[in-house]
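Read the structure below first, then the notes.
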Amino acid sequence: MARATAKKKNQDSTEYDFIEIIGAREHNLKNVTLSFPRNKLVVVTGISGSGKSSLAFDTIYAEGQRRYMESFSAYARSFIGNLERPDVDKINGLSPVISIEQKTTSRNPRSTVGTVTEIYDFIRLLYARAGEAYSYLSGEKMIRQSEDQVLDTILKNFKGNKLILLAPVVKGRKGHYRELFQQIRKQGFTKVRVDGEVQDITAKMQVDRYKIHDIEIVIDRIVADVKDRARIGQSINRSLKEGKGVMMVLDEKQKVYHFSKFLMDPLTGLSYDEPAPNTFSFNSPYGACPVCNGLGQVEEITEESVIPDKKLSISRGGILPLGEYRDIWIFKKVEAILKRYKLTLSTAIKDIPKDVLHVLLYGDDVPVAVASVKYPGTEWSTRFEGIINFLHKQRDEGSEAIKRWVEDFTVVKTCTECHGARLKKESLHFKIADRNIAELAELDIERLNKWFTGLEKKLSEKQRIIATEVLKEIRKRIGFLLDVGLDYLHLNRPLRTLSGGEAQRIRLATQIGTQLVGVLYILDEPSIGLHARDNVKLIKALKDLRDLGNSVIVVEHDKDMMLESDYIIDIGPGAGRHGGQVVGQGTPSAFLKSGSTTAQYLQGKLAIRYSEERRTGTGNSLSVTGASGNNLKAVDLNIPLGTFTCITGVSGSGKSTLIHDTLYPILNQHFFNSRKEPLLYKKVDGLEHTDKVIEVDQSPIGRTPRSNPATYTGVFTDIRDLFAQLPEAKIRGYKPGRFSFNVKGGRCETCEGAGLRLIEMEFLPDVHVHCETCKGKRYNRETLEVRFKGKSISDVLDMTVEEAVVFFENQPKIIRKIKTLHDVGLGYISLGQHATTLSGGEAQRVKLATELSKRDTGKTFYILDEPTTGLHFQDIAHLLDVLQKLVDKGNTVLVIEHNLDIIKSADYVVDLGPEGGNQGGRIVAVGTPEAVSKNPASYTGKFLKAELN
């Protein structure tokens, strides 16, 4: 009996202390059974495509979410539908699950760091309750007074003076107001003040309806004397009632004084509505700037965007929307206008007078006569509305295709009304300690933290009492952002401009702020985009989450994260079908003895080799002088061409500003006439030594399941051509279009070729489920009957890249594109894998493969943004081989990277810093990795020194 009890007790503790997975077979997992401790920091690692995400997200998270759904009532579940059970026999010890992934970033320009962390919401509350209002006309502090205070002020300031009490009823509006005068007369009042003049109200009295008027009722004429306090009090009460809380006092010198129950400027009479939190929200009509609707930017069609080159004539395409001369109506109108001023279509635009050009762009009221083709001898006379006005009209009223065409001539400019502050001017004139809310939103988190520290000393007693609780919440949330290394971001930063890692760390900070206990968190590579120096903060934040009493599972390749964790699970040994097994697990010390590939890299038995001989390049260089966008401090960047160059620096030091927002737009404008304006710089030299630029970033390759690696790389077109050449296809008369899942004919019409159907959830993220007709194959039965080497077009889309390399080995056109996907370490993804399921790193490598499959010129300039995202040590070695081969052909590869294995393999390193945000924006060190490692001012150098040794 005692043995049975002990056994039961032991069994309970096992179920409580461990999460146990039995028989997981999702995707490529091979019947995996394992257990790992609860309430610990667990790292799941392994080669890219080995099955880490299949275990962490598609098995553990999916089952946790499904169990949560099952706790809903049957009625609620009828709206949601049943979530599919992951392919696993059993999971024991599972807690409620929260996943923090990279792919959940909002594309909405209204989502900012401030709104998503709720810091901005609390600051809005603070300003609504404790902010002090100032007049935007006089700069005076606004005051609000009760009836008693108004009475006391009048008796004190106007003692013995004759006064007229007025109640404003019309302020700055047009109209004849006959009915208003009748109504005032019926109430028993005999006089009104119209536009500064006191008049008697007469029968059928009215004013000029086309002029702007100010009308006040004369409530009473008084002498300010304490003896008449009761009467004056009644008159003030009536004045405030008729004026809806506002009244005016006219003295003997005809000077007007304003009083209000609401916020009012005592000098000008300007009044504000009572502030509420939505007064400070750029997402609310009560707070948003009326010109830009709270976006801080407006889209404009400017003369420069319509006429980029004034040396050209109109007939040679000088006015971009018109194109080159054709015998059409619009050109005849333009010709007739020019004829009026003795000019022709062949006149260079720079020689056309400004007033004539203004007529062409904005139109005028003079009718333009154009000879009729249909009725010779007659002329059509119509008004010319102007090219820019026509484009504005099309942008508002045209079809989607026309709107996209007009976008080519649209430039984004800072709003002239709010100057990018997003709020209306009333909202910007509420201040706390001399700062308005927009100024706070522009401070980086570190400076914001300093501003809130000791704020109480600058507040009045009343403000301090109101602000205490709100300040506590704000400081707590700012502290969490500092803990995860995001001190360089500012609250107004749009969420869509953040990298996957930054967005994930913001969500992590928010989760730490919720202080939940007993939850299982699953994170997907939170260290992306984080400098080795800031990694310590992230690991501490994850440990804090664990110490609250939560289990934390992190899918990660970072060396420090693995060694600092409580438990490591290594999935492998290879990618795709060669993976899906647990090749090592245990505490870090036990794991290092397991002998798996990852363990050998951690121990240093395996390492990424690099050549100690650094390339010096072609002898030419590309240089940008005086770059000063965002936080850059007049940076001079020099890149030796024909080298593998790495741009590095702590998070927020200005790498993206320098490369993505300055250098890339300069090159793109030069080679491809791009409209994106680079940020401020003085000059650029060396453009003649390169002939094209290619940027490979981490943005998704497509936002719908229709997009996939095969369509993005263009290999699917070649595969469809191959299928259309097959004898069976020719007999049936099938063309390549028959094998497209985007057009009618060969596709399944139930899901319209998507293979999935979107189930819209009312209060949860939308879910994609397999189409019940084609079972996810995308095509109809007839199309699937055409086979190449026994495989249908759907089977080909389901192949992994690795399988496709063997399958198409004798098709040179197809194999070239597929081989490059394999070379960048994507052998494990399938050709038809939905773009929405690819991580940021995978999407970037698909783009890289697409560019590599094109013929390079030997003078191409490649820009890559953190290409090691999601890569295991072994995959980084493969990627480096590909990049080094590109450089060997004479091309230049510029990489923005924090990964020390990439930095140590570069020929030339540019390190920005020294800190992030305002403390950054300078070049701290340049040269070979060895030279940077010896620079005491460089944080990167410190970590690089250890790596090189």
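Atom set for the values below is all heavy atoms of this structure, side chains included, hydrogens, waters and symmetry mates excluded. Keep in mind the model is a prediction, meaning the values are calculated, not measured. Positions are given from 1 along the sequence.
- Between atom NE2 of residue His176 and atom CZ of residue Phe181 there is a gap of 10.5 Å, rounded to the nearest 0.5 Å.
- Residues Ala336 and Ala369 come closest through the heavy atom pair CB-O, 3.6 Å.
- Here NZ of Lys191 is found 14.0 Å from CD1 of Ile219. Values are rounded to the nearest 0.5 Å.
- For the atom pair NZ of Lys413 and CD of Glu299, the computed distance is 13.0 Å after rounding to the nearest 0.5 Å.
- Residues Lys141 and Glu132 are paired through a salt bridge, judged by an N-O separation under 4.0 Å between the basic side chain and the carboxylate.
- A 6.0 Å sphere centred on NZ of Lys174 holds no more than 12 heavy atoms belonging to other residues, nucleotides or ligands.
- Ring pair Tyr325/Phe331: centre-to-centre distance below 6.0 Å.
- Checked by atom type, the side-chain pair Asn108/Arg496 shows no donor-acceptor distance below 3.5 Å.
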Before giving the answer on side-chain contact (heavy atoms from CB on, under 4.5 Å), spell out for Asp364 and His358 the whole-Å C-alpha distance, their side-chain angles and the decisive distance to 0.1 Å. CA-CA 9 Å; Asp364 64 4; His358 189 273; over 6 Å; no
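- Under the 4.0 Å criterion applied to side-chain N and carboxylate O atoms, Lys310 and Asp351 are not assigned as salt-bridge partners.
- Salt bridge absent: Lys682 and Asp636 never bring a charged side-chain N and a carboxylate O closer than 4.0 Å.
- In this pair, His213 and Tyr177 present their aromatic rings perpendicular. The plane angle is above 60°, beyond the 30 to 60° band.
- A donor-acceptor pair shorter than 3.5 Å cannot be found between the side chains of Asn492 and Thr112.
- What you find for Gly654 and Asn631 is that their closest heavy atoms are CA-OD1, 3.7 Å.
- Tyr272 and Tyr136 have parallel rings, their planes meeting at less than 30° on a 0 to 90° scale where 60° marks the start of perpendicular.
- No salt bridge links Glu417 with Lys424; every basic N to acidic carboxylate O contact stays at or beyond 4.0 Å.
- Counting heavy atoms of neighbouring residues, nucleotides and ligands inside a 6.0 Å radius, atom OH of Tyr210 does not exceed 12 of them.
- Aromatic ring centres of Phe861 and Phe671 lie farther apart than the 6.0 Å criterion allows.
- Taking the charged nitrogens against the carboxylate oxygens, Asp121 and Arg124 do have a contact shorter than 4.0 Å, which makes a salt bridge.
- With salt bridges taken as basic N to acidic carboxylate O contacts below 4.0 Å, none links Lys171 and Glu216.
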Applying side-chain contact (heavy atoms from CB on, under 4.5 Å) to Asp214 and Val170, what does each step give before you reach the verdict? CA-CA 5 Å; Asp214 292 327; Val170 172; 5.8 Å; no
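- Between Glu851 and Lys854, at least one side-chain N (NZ, or NE/NH1/NH2) sits under 4.0 Å from a carboxylate O, which counts as a salt bridge.
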